[in-house]
Amino acid sequence: MSIPTKSVKITPAIMIGGSGTRLWPLSRSNMPKQFLQLVDDRSLFQNTLARVNDAMFSAPWLLTSRAFIDMVNVQARQMEQEFAGIVLEPLQRGTAAALAAVAVAASEGDADALVLAMPADHVIDDPALFLEAVKKAVPLAESSKIVTFGIVPSEPETGFGYIRPGEPYVVDGEELGALVNQPGGFLEKPDLERAKQFVEMGYLWNAGIFLFRASALVEELKRHAPAVYEAVAASIAGGTSRDLGSHMLLMPAEEHFARCPLDIPIDTAVLEKSANVAVVPCDDIGWADIGSLSALWDISDKDENGNVLRGDSFVSQSRNCLVHAQSGRRVVLSHIEDIMVIDSEDAVVVLPKAQAQRVKEIVNSLKKMDAPEVSFTRSALKSWGAVKIDRSYGDSQVCAVSFQGKNSVTYMVSGAERETWLLHGDQRAEYGVDGHFTPFVSGNPVSFSRGQVVTIRNASGLSEFTYVRKDPDLNWKIDDWFPQVAEVEAPKVRLG
């Protein structure tokens, strides 16, 4: 199983994962920060896609899990930007396994392929400057160096790892970067005093963005992390693929991938041991890894009183506050300072900005209460539309379901004893059971029972339904509604 590449261009590999609790309640396990609109009207993932929409790159590959595949497809489609394929990571095993999957699959297509691997959730305010850094890194990567991009620190920061640049790497009289020598080339997150020392000594923040020749990373994995390499190589060899028309879907074999050591980062697996690592400094690219709600305030545009306001909000006689309103309610602040108010669809958090790190404690306490709001939203995007829980009463849940374009879903009714669909307005859609299709009539309810296999097809630009689940299993996550029978049960084709 291989990633087709074009050796004359760089192949972007965008890593889309994460648990999504550091920015709770904005982010959740099923809606991590890369899918959120945190800095502008596009998500962080969409901005990452736009960043590699350049002539120096081939169409990107996306590395994600089954949990996020609908979100990935929907947000990429909103951008009207093509991507070459998706590598469906069977299990989360850390960045070493993720990058190994990309490197092994790419090297089988073209051992000389240059791959730019980057997380989907970073902020880069000046993409043009970042692309200049990538161009500078190409000669290093072509000489079989694994290149990491180091951010020139704006201040002592205890939340990032650091890189110690070594001997300058010079080509034709131009200093392109520096070698990274071990031991001590990569340093863990320091305390404040050591962070100050690191900045004074010219150390760089470790951004976790890499450029490498596919075969070069494979060789370093074989040498320094053989357990990771062997498990991933077996999962790629035993994997399956599907041609979905607009892109390829590559699925490494789970039974082999599961043998990867758990949560091993690429830094400790390879970079801290390799003699073939280099760093290219990035200055003034406006890089940020939003690790807390207060960090969101730090990087955002502010009004004349230092307030950051998103959504429907009104602020009076207040300074240095963060308001993120996404529930449809208006949030009003008056005569306060340094406060964060996050009004999500199902939770409101009010916290002093200086106490942003306490979100982790709050989340842990809510987990002990089995609060569903910790992990899951009340709405979900699907490849064919969207679903949202409006309210629950008695033994029923009332939801809104919408279909975009001429899309359909085939699924088995589960997680509830019965469900009822009610089409709105003059929209056109039909339902099928046992191969027989019948048009929905606006205002006339149609019910299905547990175990039935149902197809809902949209015949207009937009169809909207009220959707009622009778006697629902409240342990079911909204992401698990409407599992595609065609996807789950389709025959898998072994790659040659």
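Side-chain atoms of V218 and Y229, non-hydrogen and from C-beta on, do get closer than 4.5 Å to each other. Side chains of L23 and I342 form no contact here, defined as non-hydrogen atoms less than 4.5 Å apart. You'll find the side chain of L129 reaches within 4.5 Å of the side chain of D284, heavy atoms only. Residues W61 and V87 form a side-chain contact, since some pair of their non-hydrogen atoms from C-beta on lies under 4.5 Å apart. Counting only heavy atoms from C-beta outward, the side chains of V341 and I339 approach each other to under 4.5 Å. Looking at heavy atoms from C-beta onward, R242 lies in side-chain contact with M251 at the 4.5 angstrom threshold. You'll find the side chain of E254 stays beyond 4.5 Å of the side chain of S235, heavy atoms only. No side-chain heavy atom of V374 sits under 4.5 Å from any side-chain heavy atom of F376.
No salt bridge links D263 with R93; every basic N to acidic carboxylate O contact stays at or beyond 4.0 Å. Ionic pairing of D338 and K353 is present here: one or more N-O contacts between side-chain nitrogen and carboxylate oxygen are shorter than 4.0 angstrom.
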List, one per line, each side-chain donor-acceptor pair under 3.5 Å for residues 78-86, sequence neighbours excluded.
unit_1	atom_1	unit_2	atom_2	d
Q78	OE1	Q46	NE2	3.0
Q81	NE2	L49	O	2.7

Output a table of donor-acceptor pairs, distance under 3.5 Å, between side-chain atoms of residues 130-155 and any protein atom two or more places apart or on a different chain; print 'none' if there are none.
unit_1	atom_1	unit_2	atom_2	d
S143	OG	P139	O	3.3
S143	OG	L140	O	2.7
S143	OG	Y169	OH	3.2

Only distances under 3.5 Å count here; give the side-chain donor-acceptor pairs of residues 298-313 to other protein atoms, sequence neighbours excluded, each with its distance to 0.1 Å.
unit_1	atom_1	unit_2	atom_2	d
S300	OG	L296	O	2.6
K302	NZ	W297	O	2.8
K302	NZ	D298	O	3.1
K302	NZ	S300	O	2.9
D303	OD1	N305	N	2.9
D303	OD1	G306	N	3.1
D303	OD1	N307	N	2.8
D303	OD2	N307	ND2	3.4
N307	OD1	N320	N	3.1
N307	OD1	C321	N	2.9
N307	ND2	S318	O	2.9
R310	NH2	Q37	O	3.2
R310	NH2	D40	O	3.3
D312	OD1	R330	NE	3.0

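For the atom pair T11 OG1 and F57 CZ, the distance stands at 10.0 Å (nearest 0.5 Å). The CZ atom of R164 lies 14.0 Å from the CG atom of N206; values are rounded to the nearest 0.5 Å. The OG atom of S215 sits 9.5 Å away from atom CG of L217, with the distance rounded to the nearest 0.5 Å. To the nearest 0.5 Å, atoms NZ (K382) and CZ (F403) are separated by 11.0 Å. With values rounded to the nearest 0.5 angstrom, L38 atom CG is found 8.5 Å from K33 atom NZ. How far CZ of F186 is from CG of L204: 10.0 Å, rounded to the nearest 0.5 Å.
Smallest separation of non-hydrogen atoms from G166 and A178: O-CB, 3.8 Å. Shortest non-hydrogen contact noted between Q92 and G17 is NE2-CA, 4.2 Å. The two residues G208 and P119 have their closest heavy-atom pair at O-CD, 3.5 Å. F45 approaches A76 most closely through the heavy-atom pair CE2-N, 4.2 Å. Nearest heavy atom pair, residue P168 against residue E175, reads CB-CD, 3.6 Å. Annotation for F257 and P252: closest pair CD1-CB, 4.5 Å, computed over non-hydrogen atoms.
Residue pairs meeting the side chain to side chain donor-acceptor pair (under 3.5 Å) criterion with at least one partner in residues 181-205, sequence neighbours excluded, are Y162-W205.
Defined by atom type and a distance below 3.5 Å, a donor-acceptor pair is missing between the side-chain atoms of N407 and S383. E345 and S379 share a donor-acceptor pair across their side chains, judged by distance under 3.5 Å alone.
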Legend entry - Q75 and S43: CA distance, side-chain angles, deciding distance, side chain to side chain donor-acceptor pair (under 3.5 Å) verdict: CA-CA 8 Å; Q75 292 204 351; S43 72; 2.6 Å; yes

Legend entry - Pair D343-S327, side chain to side chain donor-acceptor pair (under 3.5 Å): steps then yes or no: CA-CA 6 Å; D343 186 22; S327 67; 2.6 Å; yes

Legend entry - Test side chain to side chain contact (heavy atoms under 4.5 Å, CB included) applied to L249 and I69, step by step: CA-CA 10 Å; L249 181 65; I69 196 165; 3.9 Å; yes

Inset, instruction - Applying side chain to side chain contact (heavy atoms under 4.5 Å, CB included), run through L187 and F198 and close with a yes or a no. - result: CA-CA 10 Å; L187 300 122; F198 290 171; 4.0 Å; yes

Inset, instruction - With side chain to side chain contact (heavy atoms under 4.5 Å, CB included) as the test, would you mind laying out the steps for V39 and N47 before giving the verdict? - result: CA-CA 10 Å; V39 295; N47 282 333; 4.1 Å; yes

Inset, instruction - Applying side chain to side chain contact (heavy atoms under 4.5 Å, CB included), run through L381 and D70 and close with a yes or a no. - result: CA-CA 7 Å; L381 285 178; D70 276 344; 5.9 Å; no

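Judged by distance alone, with hydrogens and angles left aside, the side-chain atoms of E174 form no donor-acceptor pair with the main-chain N or O of L176 at under 3.5 Å. Not one N or O on the side chain of E89 forms a donor-acceptor pair closer than 3.5 Å with the backbone of L63. Using a distance-only test at 3.5 Å, with no hydrogens or angles considered, a donor-acceptor pair links the side chain of R28 to the main chain of E373. Judged purely by atom type and a 3.5 angstrom limit, T64 uses its side chain to pair as donor or acceptor with the backbone of I16.
Scanning for side chain to side chain donor-acceptor pair (under 3.5 Å) contacts around S294 gives S292, with sequence neighbours left out. Every residue two or more places apart in sequence or in another chain that forms a salt bridge (Lys or Arg N to Asp or Glu O under 4.0 Å) with R358 is listed here: E361.
Within 6.0 Å of the NZ atom in K388, the count of heavy atoms belonging to other residues, nucleotides or ligands does not exceed 12.
Looking at L44, I209, T48, I290 one by one, the single match for side chain to side chain contact (heavy atoms under 4.5 Å, CB included) with H122 turns out to be I209.
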